[in-house]
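Since the structure is predicted, the reported quantities are computational estimates derived from the model, not experimental observations. When a ligand or atom number is given, it counts from 1 through the structure's own listing order. Numbers here are sequence positions counted from 1.
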Amino acid sequence: MQNMTNNIMLKMTDIHKSFGELEVLKGIDFSVAKGDVLAIIGPSGSGKSTMLRCINRLEEIDSGKIEIMGRALAENGADGRAEYVDEAKSREILACTGMVFQQFNLFPHMTVMENLLEAPVQVKKRSVEEVRPEAEELLRKVGLFDKRDAYPGRLSGGQQQRVAIARALAMKPEIMLFDEPTSALDPELTGEVLKTMRELAQEHMTMVVVTHEMAFAREAASHVMFMADGVIVEQGQPEEFFAHPKQERTVAFLQNML
Ligand SMILES: Nc1ncnc2c1ncn2[C@@H]1O[C@H](COP(=O)(O)OP(=O)(O)OP(=O)(O)O)[C@@H](O)[C@H]1O
Ligand SMILES: [Mg+2]
C-alpha cells in the first residue's frame, strides 16, 4: 500500500474528529492504492466506524485532508480547520465510493431487483433497460439471481447482505467501504458474505473493510491496520502483522481475538 508507483485511490492525512468533548480520531494517516484490500481491526469504540464514515462524508472531519482518486474532498483552511468542497463537487468525488453497512439497509418495500435499479436509475438517470442486464449479472455473481423478485424480508441475513453488496456494485464504485458486514449475521451465514468479498478482492476491487473476522483479514487483505483509542497503533502486511505483532496493545488484542 505504501508502494508509490501504485495508483493512490484514497489518502487520509492527519485526520482529527471529535464528538463534543470526545476526541475519536486523533491524527490518522494512511493511503490505499488501487486493488488494495485494507482491513481495519481494533477494539470497540476505537473509532473504526467513524473513520470509515468520514471517508464518504457520513461524518465530517474537524481537521486534516481527505483525497479520493487524487481529488480533495476536504482540506484545512487558513484557520487549520477542515473545509469541504461544495455539495455538487462532493457528490461527484464520492460517486466512486460504495458502502456496505452492518445492518444491510435494503429498501424493504422494493424487490431485490428494484433495490439494485434504484440508485443507477434515480441518481445516475440511466434507463431501466440499460441497467437491468448489469443488475442481473451482479445478482448472478453474488448467487442470488433466482431471488431477483423477492422482497428483502423474505431473505436470510446473508442473502440480504449479498444483495446490499450487489446494490453498491451497481453504481460501479472504484472503492468499496465495508463496516463490519458480517457482524449482524448468524455464524453460519458469515461464510457466504465473506466468500463474495474474497471474490471481489480477487477481482482487484479496492476495498476498506472494518472487520472482526481475523481469518478474512489474514487471508484476503493486502494490508492490516490496528486502531485503538483513535490512533493507528500498528499496521503492516497480514503475514507479518499476525505472525509478529510489534506493539503490546496489538499482541493483547490479537490474543483476545484468536
Ligand atoms: N454520532 C456520534 N455522536 C457522539 N459520539 C459518537 C458518535 N458516533 C460515535 N461516537 C463515539 O465515538 C467513539 C468511536 O465510535 P466508533 O463507532 O467509531 O467505534 P468503533 O471502533 O466502530 O466501535 P465498534 O467496534 O463497537 O463498532 C465511541 O466512543 C462512540 O460512542
Ligand atoms: Mg463500528
Side-chain angles (χ1 to χ4, degrees), residues 10-32 37-66 68 73-74 81-82 84 90 94 97-106 157-158 160-161 164-165 168 175-187 189-190 193-194 197 207-218 220-221 223-236 238 241-242 245 247-258:
L10 169 68
K11 191 164 195 284
M12 307 286 278
T13 308
D14 199 19
I15 304 295
H16 289 260
K17 166 78 180 168
S18 298
F19 291 112
E21 295 292 288
L22 180 70
E23 192 178 16
V24 176
L25 302 178
K26 303 173 182 170
I28 298 281
D29 291 276
F30 67 91
S31 60
V32 181
V37 177
L38 170 63
I40 300 174
I41 63 175
S44 183
S46 55
K48 306 181 299 295
S49 295
T50 303
M51 209 283 301
L52 199 69
R53 293 165 61 81
C54 283
I55 296 174
N56 66 353
R57 209 177 171 178
L58 292 176
E59 301 286 356
E60 294 197 341
I61 59 172
D62 300 327
S63 68
K65 185 171 184 183
I66 302 174
I68 298 176
L73 176 69
R81 295 190 60 80
Y84 277 81
S90 172
L94 291 174
T97 67
M99 184 147 177
V100 174
F101 300 88
Q102 183 174 341
Q103 300 296 343
F104 334 118
N105 297 350
L106 295 172
Q160 289 186 54
Q161 191 60 301
I165 293 171
I175 306 170
M176 283 284 282
L177 311 174
F178 294 85
D179 192 359
E180 299 200 28
T182 59
S183 294
L185 300 175
D186 293 333
L189 298 178
T190 61
V193 172
L194 292 173
M197 293 171 63
M207 297 161 65
V208 181
V209 186
V210 174
T211 186
H212 284 131
E213 298 282 346
M214 293 303 122
F216 176 84
R218 189 195 287 257
H223 207 83
V224 182
M225 189 168 111
F226 173 60
M227 277 181 73
D229 286 336
V231 299
I232 300 173
V233 174
E234 182 165 355
Q235 53 180 319
F241 179 91
F242 285 105
Q247 303 295 324
E248 227 167 274
R249 295 198 70 168
T250 318
V251 174
F253 177 78
L254 290 177
Q255 264 164 5
N256 255 326
M257 295 300 290
L258 298 174

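- From Ile40, atom CD1 reaches atom CD of Gln235 across 9.5 Å, with rounding to the nearest 0.5 Å.
- Lys17 NZ to Met51 CE: the interatomic distance, rounded to the nearest 0.5 Å, is 13.5 Å.
- Compare Gly45, Pro43, Ser44 by their heavy atoms: the one nearest to atom 28 (C) of ligand 1 is in Gly45.
- Phe242 approaches Pro245 most closely through the heavy-atom pair O-CD, 3.6 Å.
- The shortest separation from a heavy atom of Gly20 to ligand 1 is not under 4.0 Å, leaving the residue out of contact.
- Proximity of Gly42 to ligand 1 is not established, as no heavy-atom distance is less than 4.0 Å.
- No donor-acceptor pair closer than 3.5 Å links the side chain of Glu234 to the backbone N or O of Met227.
- By the 4.0 Å heavy-atom criterion, Met227 is excluded from the residues contacting ligand 1.
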Checklist entry - Can you check side-chain contact (heavy atoms from CB on, under 4.5 Å) on Met197 and Val37, steps first, answer last? => result CA-CA 10 Å; Met197 293 171 63; Val37 177; over 6 Å; no

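- Which of Met51, His212, Glu23, Lys48 comes nearest to atom 25 (O) of ligand 1 through a heavy atom is settled by distance: it is Lys48.
- Paired with Asp229 under the rule salt bridge (charged side-chain N to carboxylate O under 4.0 Å, His left out), one option of Arg249, Lys48, Lys26 passes, and it is Arg249.
- Once rounded to the nearest 0.5 Å, the distance linking CG of Asn56 with CD1 of Ile175 reads 10.0 Å.
- Within the structure, ligand 1 has Leu22 among the residues with a heavy atom less than 4.0 angstrom away.
- The heavy atom nearest to atom 27 (O) of ligand 1, considering only Lys17, Glu180, Glu59, is found in Glu180.
- Annotation: the span from Lys11 atom NZ to Lys65 atom NZ amounts to 7.5 Å, rounded to 0.5 Å.
- Looking at Met214 and Phe253, their side chains come closer than 4.5 Å, going by heavy atoms from C-beta outward.
- Within the 3.5 Å criterion, the main-chain N or O of Gly64 finds no donor-acceptor partner in the side chain of Asp14.
- Of the protein's non-hydrogen atoms, Phe19 CD1, 3.2 Å is the one closest to atom 6 (C) of ligand 1.
- For atom 16 (P) of ligand 1, the nearest protein heavy atom (residue, atom name, distance) is Thr50 OG1, 3.6 Å.
- Side chain of Gln161 to main chain of Thr182: no donor-acceptor pair is present (N/O by atom type, distance under 3.5 Å, no hydrogens or angles).
- Put simply, atom 14 (C) of ligand 1 has protein non-hydrogen atoms near it, under 4.0 Å away.
- Among Val24, Leu25, Ile41, Thr211, the residue whose heavy atom lies closest to atom 12 (O) of ligand 1 is Val24.
- Given atom 17 (O) of ligand 1, the protein heavy atom at minimum distance is Ser49 CB, 3.7 Å.
- In this structure, CD1 on Ile61 lies 13.0 Å from OG1 on Thr50, to the nearest 0.5 angstrom.
- There is no protein heavy atom less than 4.0 angstrom from atom 31 (O) of ligand 1.
- Excluding waters, the set of protein N/O/S atoms under 2.8 Å from the Mg ion (ligand 2) reads Ser49 OG.
- Nearest to atom 19 (O) of ligand 1 by heavy-atom distance, out of Ser18, Gly47, Gly230, is Gly47.
- Counting only heavy atoms from C-beta outward, the side chains of Phe30 and Val32 approach each other to under 4.5 Å.
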